[in-house]
Trainee: 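Have a look at this one.
Numbered from 1 within each chain, the chains take letters A, B, ... in sequence-line order.
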4 protein chains.
Amino acid sequence: MSKLQDIITISRKIIYYKGYQATSISDILEEAHIGKGQFYHYFSSKRDLGLAVVEDLVKEWDRDVFEGIFATDLDPIVKLNKMLDRTLAIHLDEEGHSGCPAGNLAIEMSEHDETFRLKVHYIFDRWISSIEGALSELKMQGHLTSDIDAKQHARAIVSMIEGGILLKKSQKEDGFLTNAIAIIRAQYRLS
Amino acid sequence: MSKLQDIITISRKIIYYKGYQATSISDILEEAHIGKGQFYHYFSSKRDLGLAVVEDLVKEWDRDVFEGIFATDLDPIVKLNKMLDRTLAIHLDEEGHSGCPAGNLAIEMSEHDETFRLKVHYIFDRWISSIEGALSELKMQGHLTSDIDAKQHARAIVSMIEGGILLKKSQKEDGFLTNAIAIIRAQYRLS
Amino acid sequence: MSKLQDIITISRKIIYYKGYQATSISDILEEAHIGKGQFYHYFSSKRDLGLAVVEDLVKEWDRDVFEGIFATDLDPIVKLNKMLDRTLAIHLDEEGHSGCPAGNLAIEMSEHDETFRLKVHYIFDRWISSIEGALSELKMQGHLTSDIDAKQHARAIVSMIEGGILLKKSQKEDGFLTNAIAIIRAQYRLS
Amino acid sequence: MSKLQDIITISRKIIYYKGYQATSISDILEEAHIGKGQFYHYFSSKRDLGLAVVEDLVKEWDRDVFEGIFATDLDPIVKLNKMLDRTLAIHLDEEGHSGCPAGNLAIEMSEHDETFRLKVHYIFDRWISSIEGALSELKMQGHLTSDIDAKQHARAIVSMIEGGILLKKSQKEDGFLTNAIAIIRAQYRLS
DNA sequence: TATGAATGAGGATTCATTCAT
DNA sequence: TATGAATGAATCCTCATTCAT
């Protein structure tokens with residue numbers, strides 16, 4: 001792995017846990033075992049690193065969720081289940097206590113930095129579109145009643161997941177996320 | 001209004017907009033037109049102010065939502081609708097662009113400071129219990145089928161609202177919140 | 001003397017000797033025996049201090065040269081001689097080896113910062129106007145031939161003084177300045 | 001042109017415009033399109049480059065002014081006029097707004113680095129000697145009265161030129177230099 | 001109560017220079 | 001010759017907090 005990617009990966013973990021503002025360059029230097037000069041050799045500023053971190057997140061979503069799940073020719077039910085499984089896996093993991101990486105940045109950065117916001121915006125936008133696509137397929141298959149508004153429901157699904165993750169973080173109870181996902185599965189008869 | 005409450009109110013606005021970490025004492029002094037001495041007369045530290053701000057939020061919820069809505073003997077449908085109306089009113093207001101005051105703090109502070117987390121925890125907890133109570137009433141009235149798990153649904157409702165607010169902030173589209181609330185109303189036949 | 005004026009006075013000395021860019025905040029803190037916080041309590045930035053220093057210089061000129069010499073009703077010959085005496089006194093002093101405080105800043109800052117430039121511009125402008133006035137008086141007195149262009153000569157006088165100071169600094173020979181001033185005195189029959 | 005000379009030429013321009021201290025190695029690398037390694041292959045330090053730049057200036061003066069003008073067997077009036085013409089040409093050029101390259105370094109570096117100072121000292125010294133020589137020739141020709149002190153006047157001429165250039169930079173008016181030179185021409189009946 | 005001067009640790013960033021390749 | 005990764009001291013600046021008045 002390149003040093004640059006190395007720094008991004010380590011920074012992503014720290015920023016995920018501490019938040020972007022609360023993370024200091026020193027935190028990163030220490031964890032990555034590099035000097036100030038090296039950091040600024042790769043990144044022109046803390047913001048530059050921050051954007052690289054979000055970009056890394058974007059790429060991961062593109063690869064794992066959009067290309068890896070929704071762009072395949074799997075059955076829409078399988079797609080949606082895989083996406084929900086992935087979400088659960090990530091957030092029930094020992095390192096998944098800090099909420100949604102995208103959602104955290106959305107809340108912390110949206111009002112301060114439009115560039116950050118747009119990158120997070122892209123993730124949510126593509127996520128919703130993908131779900132909308134799958135729901136539309138389900139409608140055509142007759143699995144869902146045809147009067148359903150796929151876009152509205154896609155938005156509701158993502159809202160419930162994000163809300164579930166947020167509450168899980170604040171209430172320290174996994175149930176908030178598992179419950180949200182169980183309700184989604186029930187609602188759209190995915191299991 | 002007392003000077004103390006004045007400072008809290010002003011700080012709450014700034015912290016709501018900027019986030020707790022990104023807000024400096026100076027920001028508050030400037031906006032409140034006070035000096036350092038006065039600030040440290042009322043608060044022993046920034047954290048102390050932060051906690052007072054969350055406490056202020058807690059009190060507002062206790063007054064406006066729990067006592068003002070759920071503790072009354074209104075019809076449960078009316079209660080839920082009033083709560084949803086209030087949510088919409090706050091977040092569609094010009095000053096409501098920065099997300100959920102409680103949710104923001106949940107994300108920003110939960111991992112750093114247990115005292116902050118517990119205060120936010122209390123808000124969400126009481127919110128969910130109140131909704132759960134209303135849903136139970138609705139079940140008893142026969143308005144909802146009796147196989148419904150009130151607690152799970154209360155959690156789902158709050159999740160969807162919080163998720164809707166989060167996405168509204170990041171995607172800059174009111175639709176995320178109005179949609180979430182419309183779906184809730186439809187789901188539980190509140191309108 | 002106030003702490004603020006204290007810092008300005010100390011900074012002026014250091015900046016005079018080292019130059020503005022080469023002077024670090026730490027240099028000033030050390031010499032003034034103050035902490036960073038105190039410095040930034042009085043000045044919002046290094047540039048802010050720099051401007052205060054030039055402003056201090058401007059005020060000194062206003063007081064000592066313009067009001068103290070040229071605005072009086074002394075004989076124009078006396079005025080010019082007093083000004084030349086003052087120049088010599090300052091630059092032949094042990095602490096006057098670093099050139100002209102205004103000229104140094106003119107060279108170092110003119111191209112970088114218009115605000116600095118304008119303050120220095122003001123000093124030179126007023127200096128030249130004052131000399132021009134004195135020369136005009138001399139013309140009216142018949143001390144100088146009437147075909148002389150007072151403005152041109154005022155400019156030439158200041159040019160020769162500034163050039164003399166510059167060369168004195170570089171060549172480390174007082175003669176450059178004393179010579180320039182002797183020539184001026186001879187030229188306009190001031191002694 | 002060799003790479004080394006290329007770097008010196010580019011650096012000279014940047015240092016002339018920005019000043020030595022304010023010029024960073026990176027500024028030079030960028031403008032010269034070279035890497036760190038190449039730079040430190042040619043120069044052992046920033047100071048080393050700085051000295052090479054002044055040396056380049058010295059050589060140019062030796063070639064263009066001392067050998068090209070004063071060492072010829074031209075008439076002293078022609079010599080002096082050529083020198084003044086050259087000065088005007090350089091400083092009225094679009095790229096001549098930043099003052100006198102030698103004078104700037106004199107002010108910025110004289111107190112900090114004796115080696116820099118001595119190189120600038122050499123330029124001024126030879127310049128003055130050359131003018132002194134020409135004035136002496138003029139005296140012998142009877143063009144100037146014999147009671148004139150050639151050395152003093154040579155110094156005065158350089159002082160007025162340097163002062164004129166300094167004021168032109170600070171006051172942003174070409175008149176300061178053209179005026180100084182016009183007065184010199186008039187004084188010694190060069191035109 | 002209130003002021004604002006003072007402290008000093010810590011933050012982001014720059015920069016000349018070295019070194020492995 | 002040449003590259004650019006790496007170093008680390010130093011720079012400007014912020015900020016929560018304390019203290020004298």
Side-chain angles (χ1 to χ4, degrees), chain A residues 2-4 6-7 18 20-30 32-50, chain B residues 2-4 7 20-30 32-50, chain C residues 2-4 6-7 18 20-30 32-50, chain D residues 2-4 7 20-30 32-50:
Chain A
S2 76
K3 199 80 201 172
L4 185 131
D6 205 30
I7 298 173
K18 286 197 154 191
Y20 172 77
Q21 315 245 24
T23 299
S24 77
I25 304 282
S26 303
D27 290 337
I28 290 158
L29 302 186
E30 223 166 283
H33 301 291
I34 54 170
K36 299 217 157 153
Q38 194 172 2
F39 177 87
Y40 281 97
H41 176 67
Y42 290 109
F43 303 99
S44 63
S45 64
K46 183 183 173 183
R47 180 173 181 265
D48 190 33
L49 166 75
Chain B
S2 75
K3 197 80 202 169
L4 185 129
I7 297 174
Y20 173 77
Q21 316 245 22
T23 298
S24 74
I25 304 277
S26 302
D27 289 337
I28 288 158
L29 301 185
E30 218 166 291
H33 303 290
I34 54 168
K36 294 231 155 126
Q38 198 168 175
F39 177 87
Y40 280 96
H41 171 68
Y42 289 112
F43 304 99
S44 64
S45 66
K46 182 183 174 184
R47 181 170 179 268
D48 191 32
L49 166 75
Chain C
S2 76
K3 198 82 202 170
L4 186 130
D6 204 30
I7 297 173
K18 287 197 155 192
Y20 173 76
Q21 315 245 23
T23 299
S24 76
I25 304 281
S26 302
D27 289 336
I28 289 158
L29 302 186
E30 227 165 280
H33 302 291
I34 54 169
K36 299 215 159 156
Q38 194 172 2
F39 177 87
Y40 282 98
H41 176 67
Y42 290 109
F43 303 98
S44 63
S45 65
K46 182 184 173 182
R47 180 172 180 266
D48 190 32
L49 166 75
Chain D
S2 75
K3 197 79 204 170
L4 184 129
I7 297 174
Y20 173 77
Q21 316 245 23
T23 298
S24 74
I25 304 276
S26 302
D27 289 337
I28 289 158
L29 301 186
E30 218 167 290
H33 302 291
I34 53 168
K36 296 231 153 126
Q38 197 169 173
F39 178 87
Y40 280 96
H41 171 69
Y42 289 112
F43 304 99
S44 64
S45 66
K46 183 185 174 183
R47 181 171 180 266
D48 191 32
L49 166 75

Trainee: Hey, what do you get for OG (Ser45(A)) to CZ (Phe39(A)), rounding to the nearest 0.5 Å?
Mentor: 7.5 Å
Trainee: Looking at dG8(E), which nucleotide sits across from it as a Watson-Crick or G-U wobble partner, both distances under 3.5 angstrom, or is there none?
Mentor: dC15(F)
Trainee: Between Gly37(B) and Ser26(A), who's closer to the 5' end of DNA chain E by nearest nucleotide?
Mentor: Gly37(B)
Trainee: List the steps, then state whether side chain to side chain contact (heavy atoms under 4.5 Å, CB included) holds for Phe43(A) with Ile7(A).
Mentor: CA-CA 10 Å; Phe43(A) 303 99; Ile7(A) 298 173; 3.6 Å; yes
Trainee: Looking only at heavy atoms, what is the nearest atom pair of Ala32(C) and Lys3(C), with distance?
Mentor: O-NZ, 4.2 Å
Trainee: What is the distance, rounded to the nearest whole Å, between atom NE2 of His33(B) and atom C1' of dA2(E)?
Mentor: 17 Å
Trainee: Taking only side-chain nitrogens and oxygens of Tyr42(A), does any of them come within less than 4.0 Å of OP1 or OP2 of dG4(F)?
Mentor: no
Trainee: Looking for any heavy atom pair under 4.0 Å, which part of the strands does Ser44(B) touch: base, sugar-phosphate only, or nothing?
Mentor: nothing
Trainee: Between Tyr40(B) (OH) and dA20(F) (P), how many Å, whole number?
Mentor: 17 Å
Trainee: If you check every side-chain atom of Ser24(C), which of dC13(F), dA16(F), dT11(F) has the closest atom?
Mentor: dT11(F)
Trainee: Using a 4.0 Å heavy-atom cut-off, does Gly35(D) contact any base of the nucleic acid, only the sugar-phosphate backbone, or nothing at all?
Mentor: sugar-phosphate
Trainee: Without decimals, in angstroms, what is the distance between Glu30(A) CD and dG8(F) P?
Mentor: 14 Å
Trainee: Kindly point out which of dC12(F), dT13(E), dT17(E) is positioned nearest to the side chain of Ile25(C)?
Mentor: dC12(F)
Trainee: Tell me: CZ of Phe39(D) to P of dC19(E), nearest whole Å?
Mentor: 17 Å
Trainee: In this structure, how many angstroms lie between the C1' atom of dT14(F) and the CG atom of Asp48(C), rounded?
Mentor: 15 Å
Trainee: Counting Watson-Crick and G-U wobble pairs only, both distances under 3.5 Å, name the nucleotide matched with dT21(E), or none.
Mentor: dA2(F)
Trainee: Please name the pair of heavy atoms, one in Asp48(D) and one in Tyr42(D), separated by the smallest distance, quoted to 0.1 Å.
Mentor: OD2-O, 4.2 Å
Trainee: Quick check: on DNA chain F, is the nucleotide nearest His41(D) upstream (toward 5') of the one nearest Gln21(C), or the reverse? Name the residue that is more 5'.
Mentor: His41(D)
Trainee: Should the side chain of Lys36(D) and the base of dT17(E) be counted as holding a donor-acceptor pair, with the cut-off at 3.5 Å?
Mentor: yes
Trainee: Could you state the CG-P distance from Leu4(C) to dG4(E), rounded to the nearest angstrom?
Mentor: 15 Å
Trainee: In whole angstroms, how far is the C1' atom of dT13(E) from the CD1 atom of Ile34(A)?
Mentor: 14 Å
Trainee: Nearest whole Å is fine: how far is dC19(F) P from Gln38(C) CD?
Mentor: 16 Å
Trainee: With a distance cut-off below 6.0 Å to the six-membered ring centre and an angular limit of 45° from the axis, does Lys46(B) pair with Tyr20(B) as a cation-pi contact?
Mentor: yes
